[in-house]
Amino acid sequence: MKDTTTTAEQAGGVRRTTRDLTKAAVSGWLGTAMEFMDFQLYSLAAAIVFNKIFFPDVSPAIGLIAAMATYGVGYVARLAGAVYFGRMGDRLGRKKVLTITILLMGASTTLIGVLPTYATIGILAPVLLVVLRLAQGFGAGAEIAGATVMLAEYAPTKRRGLVASLVSLGTNSGTLAASGLWAVLLAVLSEDQLLSWGWRLPFLLSFGLLLFAVWLRRNLKESPVFEERPDVVDGVAMSRREVETAVTKGADDDAGLLEAGLKQRKGKAFFLALGLRFGQAGNSGLIQTFLVGYIATELAAERSVPTDAIVYGSLLGFLTVPAIGMLGDRFGRRRMYLALTSLTALTAFPLMMLITSGSTPALMLGMVLGLNLGVLGLFALESVTMAELFGSRTRFTQLALAKEIGGVLATAIGPVLAASLTAATGSWWPIAAMLVVYSLITLVSALLSPETRGRDLVRLEDAV
């Protein structure tokens, strides 16, 4: 392939080479991998050692609750980061924001590895831990949205689904890397070694990845779509008042494009995107979070069985994600959404029958299929469809908010509701019913959405 490919045909002459596209793809994958690795490193540390290191003067149960609370504050910060950096990315460009967010995430994660413990500085230790967790979440709130926007805006129109889906692979890579690091530590270190210095290693090792990611993003060119936006002048988007003035005075071709952006009524595309996100995030919370604990406690299986199933499912995801991306390019986003959500809803009860059959191979097969159908496959579609739904003037902000709000609502409500319903009924069927409901929410959202494949991403207005 020659190094002269135009990677955004819709972008009015702004050219990006194959090398530029490769850098953007690696950057998007790496940033998402770092985001999920950082959060997985922290969640595992919170569950394994933080209650003993940062909260030793309370009972083990209270210490675990406190450690998990520090994990939870990051999700509050994510929403604030989505708003702050989303607006910045729409006004000042995608590249600048992505450089800041990865610095913020990576530096916060590395600094956790050098924190003094409660034994050294007392109550200040958990306070500093919460501060770093907030900073980490603040950066992460716009990372995956920014990477999604950048890749979608870089990609050739006919391969946009495949290229944008690569962001989704970062989730697998980060989760597997963090889990692998902790598995090695737990296997080779004694408990004393782990508590004294071993727990710091995963956080400190992330520094090398941070340096490479920052270097890569500093050498990445700005999104061609952002540069071609009619409301961007000298690298900065015009304010609404400036756009109105330009529309009033202008008689060139851009005046019509600017006016279309001004007249766009916001809201419908956002709620459709929220529905698309809700199903994927809800299924993820049930399969990747709730079922792991349910299988170990209610089905009396070894705890390694569901976690191994997640690992195998994530590995299969390296094939599922790009395959769904390519099929979306071939048959359209809407058709693929309808197919995947219908399959997930139709197979929810059969898959739960496999999982609860008492057979370990059947259990693992059910988990692997559920993860790839209802979570990773939808994630691959979500990466491109949500970017195409929004106009370029507010794409970053709306996409970040839809992802974070949908994720928090679905993942916060789902596991708690599932635990309550399974306890009340003494059965697994509420889990399958919830998978059906979540999938139907996304199915209805897809039915109400327009087909976005091939949409001109430079346009300022939303697709609906």
Side-chain angles (χ1 to χ4, degrees), residues 28 31-32 35-36 39 72-94 96-98 100-102 104-105 134-153 164 167-168 171 223 225-226 229 237 240 261 264-282 284-285 378-379 381-414 438 441-442 445-446 448-449 452 457 459-464:
T32 306
E35 174 187 345
F36 277 79
F39 270 63
V73 298
Y75 283 92
V76 177
R78 289 177 71 101
L79 189 56
V83 175
Y84 181 80
F85 287 118
R87 289 178 176 175
M88 183 186 294
D90 282 326
R91 182 160 174 77
L92 301 179
R94 306 358 180 165
K96 293 178 182 177
V97 168
L98 286 172
I100 295 170
T101 55
I102 207 161
L104 196 54
M105 286 193 315
L134 286 169
Q136 188 188 59
F138 191 61
E143 170 59 38
I144 193 168
T148 298
V149 168
M150 180 67 99
L151 264 189
E153 293 184 345
V167 171
S168 307
T171 64
S223 154
V225 168
F226 182 82
R229 274 171 48 184
R240 182 175 181 84
Q264 170 76 35
R265 293 185 63 185
K266 302 294 181 184
K268 187 174 181 180
F270 179 82
F271 285 108
L272 289 174
L274 199 61
L276 297 178
R277 171 66 171 156
F278 204 86
Q280 186 274 333
S284 175
L378 289 179
F379 202 174
L381 284 174
E382 177 185 296
S383 295
V384 64
T385 309
M386 288 174 67
E388 292 172 329
L389 271 175
F390 299 124
S392 60
R393 185 167 170 83
T394 57
R395 177 172 294 127
F396 199 147
T397 304
Q398 291 200 83
L399 197 153
L401 280 173
K403 276 186 173 291
E404 295 307 318
I405 293 174
V408 168
L409 287 176
T411 55
I413 294 170
Y438 280 139
I441 289 173
T442 294
S445 299
L448 296 175
S449 298
T452 58
L457 296 187
R459 295 178 64 174
L460 299 183
E461 72 272 20
D462 294 342
V464 289

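FYI, side chains are in, hydrogens and waters are out, and symmetry mates aren't considered; it's all heavy atoms of this structure.
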Salt bridge (Lys or Arg N to Asp or Glu O under 4.0 Å) with [X]: which residues, sequence neighbours excluded?
X	result
Arg94	Asp90, Glu153
Arg87	none
Glu404	Arg78

Residue that, paired with Glu143, satisfies side chain to side chain contact (heavy atoms under 4.5 Å, CB included) out of Ile102, Thr148, Val167: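 The option that passes is Ile102.
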Criterion side chain to side chain contact (heavy atoms under 4.5 Å, CB included) against Asp462, the qualifying member of Gln398, Lys268, Glu388: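 Single pass found, and it is Gln398.
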Test log, rule ring pair (Phe, Tyr, Trp, His ring centres under 6.0 Å), inputs Phe396 and Phe85: CA-CA 8 Å; Phe396 199 147; Phe85 287 118; 8.6 Å; no
Nearest-0.5 Å distance that lies between atom CD1 in Ile405 and atom CZ in Arg277: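 Atom-to-atom, Ile405:CD1 and Arg277:CZ are 11.5 Å apart.
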Exercise: identify the closest heavy-atom pair between Ser168 and Phe379: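 Where Ser168 meets Phe379 most closely, the heavy atoms are OG-O, 3.3 Å.
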Look only at the side chain of [X] and the backbone of [Y], and say whether a donor-acceptor pair between them is shorter than 3.5 Å.
X	Y	result
Thr442	Gly275	yes
Arg229	Ser392	yes
Thr101	Gly139	no
Ser284	Gln280	no

Close side-chain approach of Phe36 to Ile144, heavy-atom, < 4.5 Å: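 Of all side-chain heavy-atom pairs linking Ile144 with Phe36, at least one is under 4.5 Å.
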Arg91, CZ atom: more than 12 neighbouring heavy atoms under 6.0 Å: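 Atom CZ in Arg91 is packed in, count exceeds 12.
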